[in-house]
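Convention: sequence-line order gives letters A, B, ...; per-chain numbering from 1. Computed from heavy atoms alone, side chains included, the values below leave out hydrogens, waters and symmetry copies.
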2 protein chains.
Amino acid sequence: MPEESNRSTYHHGDLRQNLITAATDMIKESGIEGISLRKLAAKVGVSRTAPYHHFKDKNELLCAIAEQGFRDRLSHLEQRYSKQAEQTEQTNQTKASTLQLKHYMLDYLKFAQMNPELYELMFGRTIWKQQIANESLKNAAYPSFNHQLEVTKQWQAKGLLDPHANSLRLSQVIWGTLHGVAKLLIDGIYTDTAQVEEICSCAAELFTKQ
Amino acid sequence: MPEESNRSTYHHGDLRQNLITAATDMIKESGIEGISLRKLAAKVGVSRTAPYHHFKDKNELLCAIAEQGFRDRLSHLEQRYSKQAEQTEQTNQTKASTLQLKHYMLDYLKFAQMNPELYELMFGRTIWKQQIANESLKNAAYPSFNHQLEVTKQWQAKGLLDPHANSLRLSQVIWGTLHGVAKLLIDGIYTDTAQVEEICSCAAELFTKQ
DNA sequence: AGATCAATTTTGACAGTGTCAAGATTGACA
DNA sequence: TGTCAATCTTGACACTGTCAAAATTGATCT
């Protein structure tokens, strides 16, 4: 009894994309663990094993979801990145710089908090722990990783961060902080949503050394 | 066919503890996802449903494993904590202080890298995401969380960290960094084991402002 | 046009999982 | 010695991922 889809043909048409979007919704509602290929197939209105002709594995489906997440995230990042570049032309005091870093962190954490399950999927062990991640996913993910490095270099060039420090290490520490706080927030450990702003202020001041 | 246990009596004797230790081993080998109550029961040499008389749930078993992990971790922390307190009496230059912080971070990351699956269980979403964590687990975990805060305060008192900063926020940022880097390392994202030392140096210098 | 073929979808099946209910076995205590 | 609660077992159910073989389709070729 197909409910969600009103397909008249035997072939679905665009099952692959439908599966991805439906799975993304499902993850948002029931979490990564709550997703099952059978329930997903039922939701799309197709038999249990139909997805296997578009994804080798359950893991491949999860990778595809994360991959789309990375593409969306990157476009958002690049948009914000250029906006921020403009802003800096005008004000160049250290206070404004600290604020800039703080807003970058806030933006990152807001994304994590608004899409906790997607964040977990994109940056979590589910797809990264082993060599599960396929080439396509890596190609989508690495630009997102590199963006952090590029931003760090720009900030160093502006004098916002220590120009003499190793850019990659600096980037790893800053992203590590963001990632860690994000995870603590999402899982509700030791931190609270109400403290996010103060945490970002604290971190931004530490990193900008004033 | 019971292999691991050579019990002659119908009652097992200390099944609960045996389950915990066997499960801890199993996690170390096959990861959190690789554990199953049935395989675990077989390993201990008991029927599939026997564990249910000692743990309400699979989650309760996982919580018990994590709980034991927290107790062990705390005793290790307190030991190191007192050791470090002695050290500081002698040297008080900022360079030595930075080194002290760096070693603290290295110690944290070493624990995470040597027990990746246990770390994931203790500080991961599996047991924290919902209100799954029972009172007993919280009682074991909170001292470990608070330790970070106490250490931060001590460091502030010594002038190693900014004394005017909010201790809780500072602690959250530092632990966030440690947690984030640990996760990135464990999952093999953006970081490499060979870079750990440099990452810790970079972070320690940032936090100590010199 | 009709035939062919690969892509797609289905049904059937299997092993594995967590967990509940009901019965069997035991040790401790009256 | 008999009773009882704690402990363990067997049986059963719904659910999962995934394979193999059959059914259906749209496109491509003659």
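Taking atom CE of M26(A) as the reference point, atom C1' of dT16(D) lies 12 Å away to the nearest angstrom. Distance CG (L61(B)) to C1' (dT17(C)): 15 Å, rounded to an integer number of Å. Atom NE2 in H53(B) sits about 11 Å away from atom C1' in dA22(C), given to the nearest Å. In this structure, CZ of F55(A) is placed 11 Å from P of dT9(C), rounded to the nearest angstrom. The nearest whole Å value for the distance from the CG atom in D57(B) to the P atom in dG18(C) is 11 Å. Taking atom NZ on K58(A) and atom C1' on dT17(C), their separation rounds to 12 Å, with Å as the unit. One can place CG of L37(A) at 15 Å from C1' of dT17(C), the figure rounded to the nearest angstrom. Look at CG on N18(A): it is 14 Å from P on dT8(C), rounded to the nearest Å.
OP1 or OP2 of dA6(D) has not a single side-chain nitrogen or oxygen of H54(B) nearer than 4.0 Å.
Residues satisfying the side-chain hydrogen bond (donor to acceptor under 3.5 Å, both in side chains) test with T152(B), not counting sequence neighbours, are none. Taking E67(B) as the reference, R71(B) meet the salt bridge (charged side-chain N to carboxylate O under 4.0 Å, His left out) condition, with sequence neighbours excluded. Considering only residues two or more places apart in sequence or on other chains, S167(B) meets the side-chain hydrogen bond (donor to acceptor under 3.5 Å, both in side chains) condition with Q156(B). Residues passing the salt bridge (charged side-chain N to carboxylate O under 4.0 Å, His left out) test with R169(A) are E198(B), sequence neighbours excluded. For K102(A), the salt bridge (charged side-chain N to carboxylate O under 4.0 Å, His left out) partners are E197(A), not counting sequence neighbours. Every residue was checked against the salt bridge (charged side-chain N to carboxylate O under 4.0 Å, His left out) condition with K58(B), not counting sequence neighbours, and none meets it. The side-chain hydrogen bond (donor to acceptor under 3.5 Å, both in side chains) test applied to S144(B) returns no partner, not counting sequence neighbours.
Residues R125(A) and E120(A) are not paired through a salt bridge, judged by the lack of any N-O separation under 4.0 Å between the basic side chain and the carboxylate.
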- Message: Determine whether Y142(B) and F70(B) satisfy the following criterion, side chain to side chain contact (heavy atoms under 4.5 Å, CB included), listing intermediate values before the conclusion.
- Response: CA-CA 9 Å; Y142(B) 281 171; F70(B) 276 113; over 6 Å; no
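Computed from C1' positions of five pairs at each end, the angle between the two local axes of the helix from dA1(C)-dT30(D) to dA30(C)-dT1(D) equals 10°, rounded to 10 degrees.
Using a 4.0 Å heavy-atom criterion, one finds that K56(A) contacts no nucleic acid atom at all.
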Under 3.5 Å between N/O atoms: give me all the protein pairs with nucleotides 11-15 of chain C, atom names plus distance.
from	atom 1	to	atom 2	distance (Å)
dT11(C)	O4	T49(A)	OG1	2.8
dG12(C)	N7	R48(A)	NH1	3.4

